[in-house]
Amino acid sequence: MASMRVKDALAADVGSRATLRGWVRTRRDSKAGLSFIQLHDGSCFEPIQVVAKADLPNYERDVLHLTTGCAIEVEGELVESQGKGQRVEVAAEAVRVVGWVEDPDTYPASAKRHTFEYLREVAHLRPRTNTFGAMARVRHRLAFAIHDYFDRNGFFWVHTPIITTSDAEGAGHLFRVSTLDAMNPPMTDDKRGVDWKQDFFGKQAFLTVSGQLNVETYCCALGRVYTFGPTFRAENSNTSRHLAEFWMIEPEIAFADLRDDAALAEGLLKHVLDDLLTHRADDMAFFDERIEKGLIDRLKHVIASPFRMLPYTEAVEILQKSGKAFEFPVQWGGDLQSEHERYLTEEHFKQPVVVVDYPKGIKAFYMRLNDDGKTVAAMDVLVPGVGELIGGSQREERLEVLDGRLEEMALPKDDYGWYRDLRRYGTVPHAGFGLGFERLVMYCTGLTNIRDAIPFPRAPGQAGF
RNA sequence: UCCCCGAUAGCUCAAUGGUAGAGCGAGCGGCUGUUAACCGCUAGGUUCCAGGUUCGAGCCCUGGUCGGGGAGCCA
């Protein structure tokens, strides 16, 4: 008989026959001559209850020794449950042990509450817990919904490179990619440094920090494009919101300005939240009950209300008039600190806020200079609990202005040859943003540490598993 | 990288400088169509590492390592 997944068994008609395979979550015995086994196989949040009676030939030998984590195969009939808590259960006719837990006393994912800190140390077993099973399914659904939204709106997924030789993307420290012998690298003739010409790519290479510059080229040909892939930052940042390896979604739209960009961000977020609540209602109910009370209502509120657009200059005024004693003073021209962003989105507006038109001095070279000459068409989408979920901008499409910005920031024009070409050959206004996927997962689940929003987190000093 | 806090049983945590304990988990037994089951018993320890102070250190001091919270950088 073909095996059935728990998800389908829970929805199947009473009287159906089923073979189920999965892992034991708990076992409870009754002296009435039967054992209850909660079996999960990852297909959905709920486990299914298996009722194994004492007349099974291996009841004494096997069933009574099943512990949390054992892998089993159960064959039987789906029957109406006599107990409360579940509609159907499996009346087992055979229980086969596929894999035992060798020492139940030290099984790292035993049937008790574990802290997230501890579970990070057993990242290979934590997917068996409620929380991390749910996290994995939510991640999948969010990724699916993102692709779905873009596809429906005429976007094309562009696969930008992971390895880049452009060290000028201006977004933090890079991880070097090299095949040279680190102990004894070839040196230049003057012995002053490593001779990168002899390296694999004939020049220095790194892991990408952003696909933006690359995706802009396809934007200026296909019109609506996006990237969705891993990105890397070699920054020594130790916070609950940063990873050294994270996934980023970067749409780029042609013939568009910052307002179009903000509208896209809002449309995308609302679509994926709605899709998630619809398709992963089981996991979301768990996050709502156990991780963050009121989570579902919060997300529904976000879907229902328009995002608040807030020019940076107004944000500064609000902060200055707030009467709050901030650790860092608020003044026009400086970047908003975490505490400022938190105040705006968590206390003042209590909803996502799109801060736009930042001072040019604190933003990247490629952001479009506004007519005031002081600000650039940049935006940050700030959300309660997570902070900066999205960072984006309208790109500078005027070659002479772009060159002026490069010069201002002392960046070598020659390094931006192909990027500048886009402004020389049929340039158009265009805009885009970067959405941190793990931050989205945090925002949607209520998880408060980004290391719990990705299967295998990479952070300074952490790359086990 | 900076500031603060922490590290004791498989896990979560107690323990005036003087015999290292509990809850959960685990094993065994009891009870029960159970469902975070319940009741009883039992096992389980190089107190993170290296030094130091002391008659005596889980506790005090110094230096590491690792973890957490916050900050910066950002997504």
Side-chain angles (χ1 to χ4, degrees), chain A residues 25-39 46-53 64-65 67-69 79-86 89 91 101 103-122 125 129-130 169-173 209-212 230-250 265 290 326-328 335-339 341-342 362-364 380-383 386-392 433-443 448-451 453-454 459-462 464:
Chain A
R25 184 151 274 149
T26 61
R27 187 197 90 234
R28 291 178 297 275
D29 305 320
S30 168
K31 276 296 178 284
L34 63 165
S35 291
F36 300 96
I37 300 163
Q38 295 293 334
L39 182 71
E46 288 296 326
I48 195 165
Q49 176 160 283
V50 175
V51 179
K53 294 197 168 152
L64 285 180
H65 296 287
T67 57
T68 304
V79 298
E80 195 175 323
S81 180
Q82 295 174 38
K84 290 174 184 166
Q86 57 279 318
E89 62 191 19
V101 166
D103 179 10
D105 188 37
T106 57
Y107 177 57
S110 57
K112 73 176 289 294
R113 290 264 173 100
H114 294 288
T115 60
F116 289 149
E117 291 82 4
Y118 168 70
L119 289 171
R120 273 170 225 151
E121 294 168 14
V122 287
L125 296 171
T129 65
N130 280 334
E169 287 165 344
H173 297 100
V209 295
S210 164
Q212 180 201 314
T231 44
F232 308 86
R233 304 276 167 93
E235 278 142 19
N236 190 11
S237 66
N238 293 284
T239 80
S240 54
R241 304 183 306 283
H242 292 85
L243 289 167
E245 176 183 288
F246 63 99
W247 288 64
M248 189 154 63
I249 297 95
E250 297 178 285
R290 293 297 174 91
F326 293 115
E327 188 186 344
F328 296 93
D335 213 347
L336 298 180
Q337 306 292 316
S338 286
E339 57 175 344
E341 296 181 346
R342 284 200 121 91
I362 56 172
K363 289 294 180 182
D380 280 356
V381 178
L382 311 177
V383 298
V386 174
E388 187 179 338
L389 182 62
I390 286 176
F433 61 79
L435 165 63
F437 189 54
E438 285 71 24
R439 288 189 180 174
L440 178 64
V441 174
M442 291 171 75
Y443 185 59
T448 55
N449 193 311
I450 200 165
R451 291 164 196 196
I454 188 169
Q462 291 186 332

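Just so it is clear: chains get the letters A, B, ... in the order the sequence lines come, proteins before strands, and each one is counted from 1.
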Ignoring hydrogens and angles, are the base of [N] and the side chain of [X] linked by a donor-acceptor pair under 3.5 Å?
X	N	answer
A:Arg233	B:A75	yes
A:His173	B:C73	no
A:Gln49	B:U34	yes
A:Glu89	B:G33	yes
A:Asn449	B:G68	no
A:Arg28	B:C38	no
A:His242	B:C74	yes
A:Asn238	B:U1	yes

Remember a base hit wins even if backbone is also touched, and classify [X] as base, sugar-phosphate or nothing at under 4.0 Å, heavy atoms.
X	result
A:Glu438	nothing
A:Phe36	base
A:Gln82	base
A:Leu243	base
A:Ile390	sugar-phosphate
A:Gly83	base

Consider the side chain of [X], meaning its heavy atoms from C-beta on, and name the nucleotide among [options] that approaches it most closely.
X	options	result
A:Ser338	B:C74, B:G72, B:A26	B:G72
A:Asp335	B:G67, B:C74, B:A71	B:C74
A:Phe246	B:G33, B:A36, B:A75	B:A75
A:Gln86	B:A36, B:U34, B:U32	B:U34
A:Ser240	B:G68, B:G69, B:G10	B:G69
A:Ser81	B:C74, B:G10, B:G33	B:G33
A:Thr239	B:A75, B:G72, B:G33	B:G72
A:Arg451	B:G68, B:U34, B:G27	B:G68
A:Arg439	B:A75, B:G25, B:U12	B:A75
A:Thr68	B:U1, B:A26, B:C11	B:A26

OP1 or OP2 of [N] under 4.0 Å from side-chain N/O of [X]:
X	N	answer
A:Thr115	B:U12	yes
A:Ser30	B:G33	yes
A:Gln337	B:G72	yes
A:Arg241	B:A71	yes

Is there a Watson-Crick or G-U wobble partner for [N] with both distances under 3.5 Å, and if so, which one is it?
N	answer
B:C38	B:G30
B:A50	B:U62
B:G72	none
B:U16	none
B:C24	B:G10

Is a side-chain N or O of [X] found less than 3.5 angstrom from the main chain of [Y], in a donor-acceptor match?
X	Y	result
A:Glu339	A:Phe326	no
A:Arg233	A:Val209	yes
A:Arg241	A:Arg439	no

Review point. Under a 4.0 Å N-O cut-off, is there an ion pair linking A:Asp29 with A:Arg27?
Key: yes

Check your understanding: Relative to the 5' end of RNA chain B, which residue comes earlier, A:His65 or A:Lys31, by the nucleotide with the nearest heavy atom?
Key -> A:His65

Check your understanding: Closest nucleotide of RNA chain B for A:Ile362 versus for A:Glu80: which of these residues is on the 5' side?
Key -> A:Glu80

Check your understanding: Going by distance alone, is a donor N or O of one side chain under 3.5 Å from an acceptor N or O of the other, for A:Gln462 and A:Arg120?
Key -> no

Could you tell me how far [M] sits from [N] if I compare only their [atom1] atoms? Round to whole Å.
N	M	atom1	value
B:G10	B:G56	C1'	32 Å
B:A57	B:G51	P	14 Å
B:G17	B:G52	C1'	16 Å
B:U42	B:A9	C1'	14 Å

Check your understanding: Should we say atom NZ of A:Lys363 is surrounded by more than 12 heavy atoms from elsewhere, each under 6.0 Å from it?
Key -> yes

**Study point:** CD (A:Glu117) with more than 12 external heavy atoms under 6.0 Å
**Key:** yes

Point to revise | A:Arg290: partners by side chain to side chain contact (heavy atoms under 4.5 Å, CB included), with sequence neighbours left out | key: A:Arg113, A:Phe286

